[in-house]
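Following: one structure in structure tokens, then a few remarks.
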Amino acid sequence: DARLEPGCLAAFAEVLESRPEAGCLGAKNIYPETGLIQHAGGYLERPRMVGLHYGHHQIDHTGVHDEIREVEFVTGSSMLLRRVALRDTGFFNEVFSPGYYEDVELCERFHRRGWKVLFTPAARVQHHESASFHDEMARLRLAHRNRLLYLIPGLETSADEEGFLAAEEDFLEREATFEVRRAINGAALELLAGLPGNARQRVGTTGSSAAIAAAARRVGVRLRSLCIGLLAHA
């Protein structure tokens, strides 16, 4: 679902050769239908850990997101990885398969190991967003399930957990559509159904899978309760 524009690989190669600290490069993604920017590097909106894209739906013209810069993550639709850096960090975590947040989590590991993640604007890609999915509800549910899997290890204290749940509850009550509430409800159910295996796969060898599974269970149960209550009164 992605097509490289002419010169994309050359632009990637030039940055990779001139910036030895770069472990991961991401392209400027463009909507083929409109020519608008889809992705110019990404960042996480905390504490809900929603992945957002710089430049999203902005007009692509000279001077708009045209500088190489370090970003929190780049989208997996068009990233170039340095082989030695990938050997250092490891591959994508398959717990996020078939998509969503696998790129965010890999970029987190690059940062943690001292590698830079760089947005590379001269490398341009036409990307048909979410073209790999044909069921919108299934896509939404997967995206939110993986968001929950990604953020669970960060809920190290009860204050962190309550801060996330308060923000999620506010979003569900004030902003979420009926369909998004349904998707988050389904995501929480899938999170609970996959425990404790998903927690163990998510943490790997770096933390306590039992503690992560316990946090995931509490969060999943609370979100299910919130969503069911809101859906019942919709």
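Ring geometry, Tyr54 versus His65: the interplanar angle falls from 30° to 60°, so the pair is classed tilted. Ring-plane geometry between Tyr101 and Tyr150 is classed as tilted, the angle between the planes lying from 30 to 60 degrees on a 0 to 90 degree scale.
In the hydrophobic clustering of ILVMFWY residues, with side-chain heavy atoms under 4.5 Å counting as a link, Met137 and Val180 come out apart. Phe12 and Val71 fall into different hydrophobic clusters, where Ile, Leu, Val, Met, Phe, Trp and Tyr residues are linked whenever their side-chain heavy atoms come under 4.5 Å apart, directly or through other members. Cluster annotation: Met49 is connected to Leu172 through the hydrophobic network of ILVMFWY side chains, with a link wherever side-chain heavy atoms come within less than 4.5 Å. Taken together through direct or relayed side-chain contacts under 4.5 Å among Ile, Leu, Val, Met, Phe, Trp and Tyr, Leu230 and Ile184 form part of one hydrophobic cluster. Grouping the Ile, Leu, Val, Met, Phe, Trp and Tyr side chains by contacts below 4.5 angstrom, directly or via other members, places Phe164 with Phe171.
Applying side chain to side chain contact (heavy atoms under 4.5 Å, CB included) to Cys24 and the options Trp115, Phe110, Phe73 leaves one that passes, Phe110.
Leu44 is not listed as a side-chain neighbour of Leu151, based on a closest heavy-atom distance of 4.5 Å or more.
No side-chain donor-acceptor contact under 3.5 Å links Arg222 to the backbone of Leu165. Side chain of Glu190 to main chain of Arg141: no donor-acceptor pair is present (N/O by atom type, distance under 3.5 Å, no hydrogens or angles).
Of the charged side-chain nitrogens involved, at least one lies within less than 4.0 Å of a carboxylate oxygen, so that Lys116 and Glu70 count as a salt-bridged pair. In summary, Glu175 and Arg48 do not engage in a salt bridge, as defined by a charged side-chain N under 4.0 Å from a carboxylate O. A salt bridge links Arg147 and Glu168; the closest N-O separation between the charged side-chain nitrogens and carboxylate oxygens is under 4.0 Å. Salt bridge annotation for Lys28-Glu5: absent, with no cationic side-chain nitrogen under 4.0 angstrom from a carboxylate oxygen.
Scanning both residues, Leu149 and Leu191, for their nearest heavy atoms gives CD2-CD1, 3.8 Å. Considering every non-hydrogen atom in both Phe92 and Glu102, the closest pair reads CD2-O, 3.5 Å. The nearest pair of heavy atoms linking Pro20 to Arg82 is CA-NH2, 3.6 Å. Residue Arg181 comes nearest to Ala176 through the heavy atom pair NE-O, 3.6 Å, listed as atom of the first residue, atom of the second, then distance. Considering all non-hydrogen atoms of both residues, Val125 and Ser78 come closest at CG2-CB, 3.7 Å. Between Asp66 and Gly63 the shortest heavy-atom distance is OD2-N, 2.8 Å.
The line from NE2 of His128 to CD of Glu33 is 6.0 Å long, rounded to the nearest 0.5 Å. To the nearest 0.5 Å, atoms CG (Leu226) and CG (Asn185) are separated by 10.0 Å. A distance of 12.5 Å separates CZ in Arg182 from NE2 in His144, rounded to the nearest 0.5 Å. Here the straight-line distance linking atom CZ of Arg83 with atom CG of Asp88 works out to 14.5 Å at 0.5 Å rounding. To the nearest 0.5 Å, atoms CD (Glu108) and OG1 (Thr89) are separated by 11.5 Å. The CZ atom of Arg124 lies 8.0 Å from the CD1 atom of Ile37; values are rounded to the nearest 0.5 Å.
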Q. Stepwise, does the side chain to side chain contact (heavy atoms under 4.5 Å, CB included) test hold for Phe96 with Arg202?
A. CA-CA 9 Å; Phe96 297 106; Arg202 171 70 179 92; 3.7 Å; yes
Q | Working for side chain to side chain contact (heavy atoms under 4.5 Å, CB included), residues Glu136 and Leu140 | A | CA-CA 6 Å; Glu136 179 62 12; Leu140 274 175; 3.8 Å; yes
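With sequence neighbours left out, Thr120 forms a side-chain hydrogen bond (donor to acceptor under 3.5 Å, both in side chains) with no residue at all.
Inspection of the Thr75 and Asn29 side chains reveals no N or O donor paired with an N or O acceptor under 3.5 Å. A donor atom on one side chain and an acceptor atom on the other are not found under 3.5 Å apart for Glu72 and His111.
If you chain together ILVMFWY residues whose side-chain heavy atoms come under 4.5 Å of each other, Leu36 ends up grouped with Tyr31, Ile59.
Counting non-hydrogen atoms of neighbouring residues, nucleotides and ligands closer than 6.0 angstrom, the CD atom of Glu94 reaches no more than 12 such neighbours. For Arg69, the CZ atom is densely surrounded, since the number of other residues' heavy atoms within 6.0 Å is greater than 12.
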